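Note that the structure is a prediction, hence the values are computed from the model and not measured. Every chain is numbered from 1 and lettered A, B, ... according to where its sequence line falls, protein lines coming before strand lines. Only this structure's heavy atoms are used, side chains among them; waters, hydrogens and symmetry mates stay out.
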Protein chains: 2
Amino acid sequence: MHLKIHALGAQECESCGIRANALFADLTSDDFRLIDRMIHEISVPAHTTLFDEGTQGQTLFTIRRGLVKLVRYQTDGTQRIIRLLTPGDIAGLETTVQPVYDSSAITLTEVTACRIPRTVITQLESTSPRLHAQLLRKWHEALRQADDFIADLASGSARQRLARLLLRLSKGEGCRPVLLPPREDVGAMLGITTETASRAVAAFRREGLLDPLDRQSRRFRIDAVALAAVAARSD
Amino acid sequence: MHLKIHALGAQECESCGIRANALFADLTSDDFRLIDRMIHEISVPAHTTLFDEGTQGQTLFTIRRGLVKLVRYQTDGTQRIIRLLTPGDIAGLETTVQPVYDSSAITLTEVTACRIPRTVITQLESTSPRLHAQLLRKWHEALRQADDFIADLASGSARQRLARLLLRLSKGEGCRPVLLPPREDVGAMLGITTETASRAVAAFRREGLLDPLDRQSRRFRIDAVALAAVAARSD
DNA sequence: CGCACCCTTGAAATTACTCAAGTTCAGTGG
DNA sequence: CCACTGAACTTGAGTAATTTCAAGGGTGCG
């Protein structure tokens with residue numbers, strides 16, 4: 001398994017590109033000196049498990065590039081995806097409260113992330129009120145995403161759910177192509193079977209709401225307006 | 001509308017019965033002096049809206065008795081229940097981060113709650129590291145409940161979902177009767193129609209998993225063991 | 001008594017699931 | 001260069017579950 005690790009100096013961390021919307025958004029240079037070499041940038045391929053539900057852990061990850069799924073395993077062994085993490089989101093936030101992971105985190109694409117020991121957070125939290133505010137904001141974001149998941153992706157017909165998922169994956173940028181996870185994962189996100197997910201995608205393709213840019217039907221150009229109509233349709 | 005309000009003195013708050021698992025679990029007497037008369041105990045009937053999604057607000061509520069639903073309204077006007085709050089839970093946590101409610105909170109039963117201005121929290125947070133820890137714990141709890149909602153109540157057949165809901169409402173205390181919300185709310189929680197919810201309840205009753213203690217079929221004695229089998233069934 | 005509200009039930013239509021082939025495509029090794 | 005293979009996606013046909021629409025109870029309250 002190809003995996004790259006790189007310890008970050010205070011300098012690098014301070015000048016991080018996505019820091020604006022990340023956890024360390026407004027720390028001071030003094031703060032950064034404290035975390036020098038404590039944080040590692042890692043780069044892992046798709047289908048890598050960052051951590052498993054129920055296991056002990058002291059590490060959180062801020063996603064810098066790629067897509068991560070949070071999953072819970074059901075009694076029948078199948079998995080239910082409970083949240084999707086995109087750049088700026090944090091996996092393993094729960095370890096700042098209690099050193100056990102509430103769900104498993106698995107990469108859907110190649111992912112680069114920052115691996116942060118929970119001690120860094122707990123230490124900084126007492127010294128920096130700024131980090132504290134950011135942390136609360138992250139909790140709020142996570143909860144909002146979970147609520148959205150219930151309201152958007154667990155309600156309505158398969159067509160509606162898929163339309164909402166596509167719109168969410170496009171993050172409002174209707175022009176840029178959307179990368180759709182494997183159908184099995186689409187099903188696990190929407191609470192439907194793989195076949196139903198496949199049929200819904202095929203239907204959207206026939207209707208021109210979706211246009212594959214790819215032989216394997218992974219990347220699509222989407223018709224955001226038409227999809228929004230499907231997502232909202234009440235009939 | 002019958003509504004009772006009562007301003008709490010530091011004394012009363014400090015000796016609150018459910019404080020153990022509540023926000024102010026381990027404050028000092030000094031801390032309590034700060035919040036004297038800032039917190040009101042309110043008592044409201046069923047079907048009362050505590051706040052509405054999208055509105056401005058500076059108030060959070062800790063539930064002391066009763067049941068509260070958090071709902072999001074969908075484009076077709078129907079509501080989706082995204083979480084259930086029981087005693088010890090907090091409604092409106094999000095106002096500590098941003099003064100807008102993310103969902104509507106509506107009582108399902110008569111409810112008594114403590115109405116807390118957001119300023120009380122933000123002030124105490126800087127002075128008391130204990131409150132801070134409790135607050136994080138509350139965020140964690142809320143997120144976990146949201147995740148549970150997705151994994152348990154938005155996956156599987158209507159029968160399975162209902163079984164899981166009943167077990168959750170009984171809070172593991174298999175002996176005590178369960179109060180089931182109106183069928184419409186059951187449907188809104190499970191992502192199914194009112195009729196399907198009604199049929200599933202009727203089926204459980206015929207099979208003896210549920211025994212009405214009530215003419216109107218609201219309170220039930222449940223067969224926790226059999227329900228757990230239904231909830232977990234993979235066939 | 002009758003009205004309102006909710007719960008229940010029925011029957012037809014729709015949607016989603018299951019099971020079982022095919023198909024496509026990327027990668028592999030001859 | 002090409003057939004082979006595995007994995008993922010697609011499709012079909014039958015079945016099961018759920019929704020829809022509509023009507024019929026029961027209960028509490030004025």
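Rounded to an integer number of Å, the gap from B:Arg219 CZ to D:dT27 P is 18 Å. Between the C1' atom of D:dT19 and the CZ atom of B:Arg161 lies a distance of 14 Å, rounded to the nearest Å. Rounded to a whole Å, the CD1 atom of A:Ile192 is 14 Å from the P atom of C:dT15. Nucleotide D:dA17 holds its C1' atom 12 Å from the CD atom of B:Gln160, rounded to whole Å. With rounding to whole Å, A:Arg218 atom CZ is found 11 Å from D:dA7 atom C1'. The distance from atom CZ of A:Arg159 to atom P of C:dT14 is 15 Å, rounded to the nearest whole Å. Going from atom CG of B:Leu210 over to atom C1' of C:dC7 covers 14 Å, rounded to whole Å. Taking atom CG of B:Leu108 as the reference point, atom C1' of C:dC6 lies 15 Å away to the nearest angstrom.
Of the possible polar contacts, none joining the B:Arg176 side chain to the B:Ser170 backbone as a donor-acceptor pair under 3.5 Å is found. The backbone N or O of B:Asp152 sits less than 3.5 Å from a side-chain atom of B:Arg164, completing a donor-acceptor pair. Using modelled atom types, one side-chain atom of B:Ser104 and one backbone atom of B:Glu53 make a donor-acceptor pair closer than 3.5 Å. At least one donor-acceptor pair under 3.5 Å links the side chain of A:Thr107 to the backbone N or O of A:Pro45.
Crowding of B:Arg65 atom CZ: a count of heavy atoms from other residues, nucleotides or ligands under 6.0 Å not exceeding 12.
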Stepwise side chain to side chain donor-acceptor pair (under 3.5 Å) check, B:Ser155 with A:Arg80 | CA-CA 8 Å; B:Ser155 308; A:Arg80 179 70 155 108; 2.6 Å; yes
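Remark: B:Ser157 is not in phosphate contact with D:dA17, judged by side-chain N or O atoms under 4.0 Å from OP1 or OP2. At least one side-chain nitrogen or oxygen of A:Thr193 sits closer than 4.0 Å to the OP1 or OP2 atom of C:dC17.
Judged by atom type and distance alone, A:Glu195 reaches the base of C:dC19 through a side-chain donor-acceptor pair under 3.5 Å.
At a threshold of 4.0 angstrom between heavy atoms, the contacts of A:Thr194 with the nucleic acid are absent.
Residues from residues 198-207 of chain A with heavy atoms under 4.0 angstrom of DNA chain C, sorted by number: A:Arg199.
Distance CE/B:Met189 to CG/B:Leu169: 6.5 Å, rounded to 0.5 Å.
Here the side chain of B:Ala158 is nearest to one of D:dT18, C:dT18, D:dT20, namely D:dT18.
Nearest-nucleotide mapping onto DNA chain C: of A:Gly156 and B:Leu180, the residue sitting toward the 5' end is B:Leu180.
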